[in-house]
Protein chains: 2
Amino acid sequence: MKRDSRLSSVLHALLHMAERDGPMTSDDLAKCLATNPVVVRRTMGFLRDAGIVTSDRGHAGGWRITADLSVVTLRHLHDALGEPALFAVGNRNEAPDCLVEQAVNAALDQSFAEAEALLLARFGEITLADLAADFAVRYAARLKQKDL
Amino acid sequence: MKRDSRLSSVLHALLHMAERDGPMTSDDLAKCLATNPVVVRRTMGFLRDAGIVTSDRGHAGGWRITADLSVVTLRHLHDALGEPALFAVGNRNEAPDCLVEQAVNAALDQSFAEAEALLLARFGEITLADLAADFAVRYAARLKQKDL
DNA sequence: TTTCATGTAACTTCAATAGTTATGATTCGG
DNA sequence: CCGAATCATAACTATTGAAGTTACATGAAA
């Protein structure tokens, strides 16, 4: 399949929303992400289902963050997106009769399980507030550079 | 794309070859792996290029392991296959101008880099001999169970 | 020289996200 | 109430790379 960039997308969208006062429309977000508003609705819909954002129709409608930035972690977002497969590599057969293949699967499964546990643990440590703070640092640095 | 199962495939193939005296043909291996001999040649070709196996044409031809089972690690095989992407998830844009996206990428890249380092380290610790030994244990267990 | 085997090109299939088009359903301003 | 703004959703097509298939060329051995 194509690389799954939905986690990256929703993070990008959420941080832009966090920098704004009012709601942002799917069109606004689509411009920020250089994509299509339907893709935005489709992906952000998962976050709405998870209670992280709300969407309003009609005039002055759009998307708003309802959760606390310091509480929502990358792990929450990954879960909200349906816990998509993290690895592009895996076993060819999950429940083989062949003992050789069982030995191969056992070794690979063990390694992948450890890497996945580490990745999810890291995701659980990073909040939207952390990313917003990092953005602020980068923004200040750029302003300073322009000053010189 | 489809899940990449080439590492799993070549491990399965190599262990079957290790259990045999003579060479195995692509057809033999294709039967073990429940796939097509052309797929076997295509995939095993990477291992031949890396010096792990050799292939001979004609009568009594086929594939043979030339490397030491206790030396070849999963890491060697992963490298021989061209170090394919391990993750199915990633950034939507690797070098964005947008500072928000840069902050998002930095956080994701860090987490993925740590998980990848762990996974590759584990791969580096597991040799073909380890897997062959694990297979032997499983085989003995199955024989014992049949005895009862 | 025939048979067995690999080597390889050129496809089709597959799976899941990304992207597009079209239409319907709400909400709100006037 | 009308119409514009906005989301909701269905139904496509595009994309990407591995997997699978077909066909044919090449080389080695009986």
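Just so you know, these numbers come straight off a predicted model, no measurement behind them. So you know, we letter chains A, B, ... as the sequences are listed, proteins then strands, and number each from 1.
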Worksheet item: Starting at CG of B:Asn93 and ending at C1' of C:dA18, how long is that distance when rounded to a whole Å?
Response: 15 Å
Worksheet item: So which of residues 44-51 of chain A are in contact with DNA chain C, with a heavy-atom cut-off of under 4.0 Å?
Response: none
Worksheet item: So, B:Arg92 versus A:Ser8: side-chain donor-acceptor pair below 3.5 Å or not?
Response: no
Worksheet item: OP1 or OP2 of D:dA29 less than 4.0 angstrom from a side-chain nitrogen or oxygen of B:Arg57, does that happen here?
Response: no
Response to the item:
A:Lys2 NZ to D:dT13 P, in whole Å, measures 15 Å
Item to complete: Specify the separation, in whole Å, of atom CG of A:Leu81 and atom P of C:dT17.
Response: 10 Å
Worksheet entry | Below 4.0 Å: OP1/OP2 of C:dA18 and any side-chain N or O of A:Thr35 | no
Worksheet item: Is A:His59 side chain donor-acceptor paired with the C:dT27 base, going by distance under 3.5 Å alone?
Response: no
Worksheet item: Can you find a donor-acceptor N/O pair under 3.5 angstrom joining the side chain of B:Arg42 to the base of D:dG20?
Response: yes
Worksheet, complete the sentence: Result for side chain to side chain contact (heavy atoms under 4.5 Å, CB included) between B:Ser111 and one of A:Leu120, A:Ile126, A:Leu118 points to A:Ile126
Worksheet item: Which whole-number value in Å describes the distance from B:Met24 CE to C:dA5 P?
Response: 12 Å
Worksheet item: For the atom pair NE2 (A:His12) and CD (B:Glu101), what is the distance rounded to the nearest 0.5 Å?
Response: 4.5 Å
Item to complete: Rounded off to whole Å, could you give me the CG-to-P distance for the B:Leu33 and D:dT21 pair?
Response: 13 Å
Worksheet item: According to a strict under-4.0 Å criterion, is B:Ser5 in side-chain N/O contact with OP1 or OP2 of D:dA18?
Response: no
Practice prompt. May I ask you to say whether A:Lys31 pairs ionically with A:Asp27, meaning some side-chain N is under 4.0 Å from a carboxylate O?
Written response: no
Worksheet item: Rounded to whole angstroms, how far apart are CZ on A:Arg3 and C1' on D:dG17?
Response: 13 Å
Fill in: Interatomic distance, A:Lys31 NZ vs C:dG19 P [rounded to whole Å]
16 Å
Worksheet, complete the sentence: Walking DNA chain D from its 5' end, the first of B:Asn36 and B:Pro84 to be reached, judged by nearest nucleotide, is B:Pro84
Practice prompt. Measure from the side chain of B:Val38, starting at C-beta and using heavy atoms only, and say which of D:dT16, C:dT20, D:dT22 lies closest.
Written response: D:dT22
Worksheet item: Between CE of B:Met24 and CH2 of B:Trp63, what distance do you get to the nearest 0.5 Å?
Response: 12.5 Å
Worksheet item: At under 4.0 Å, does any side-chain N or O of A:Arg41 touch on OP1 or OP2 of D:dA8?
Response: no
Discussion item. Nearest 0.5 Å, please: how far is CG in A:Leu108 from CZ in B:Arg122?
Written reply: 13.5 Å
Worksheet item: Applying the side chain to side chain contact (heavy atoms under 4.5 Å, CB included) test to B:Thr127, which of B:Leu74, B:Val72, B:Thr73, B:Asp68 qualifies?
Response: B:Thr73
Discussion item. With a 4.0 Å limit, can you tell me whether B:Ser26 has a side-chain N or O closer than that to the phosphate oxygens OP1/OP2 of C:dA5?
Written reply: no
Worksheet item: Which whole-number value in Å describes the distance from B:Leu29 CG to C:dG7 C1'?
Response: 16 Å
Worksheet item: Which nucleotide in the set D:dA19, D:dA10, C:dA18 lies at the smallest distance from any side-chain heavy atom of A:Arg6?
Response: C:dA18
Worksheet item: What distance do B:Leu15 atom CG and A:Leu99 atom CG have between them, rounded to the nearest 0.5 Å?
Response: 11.5 Å
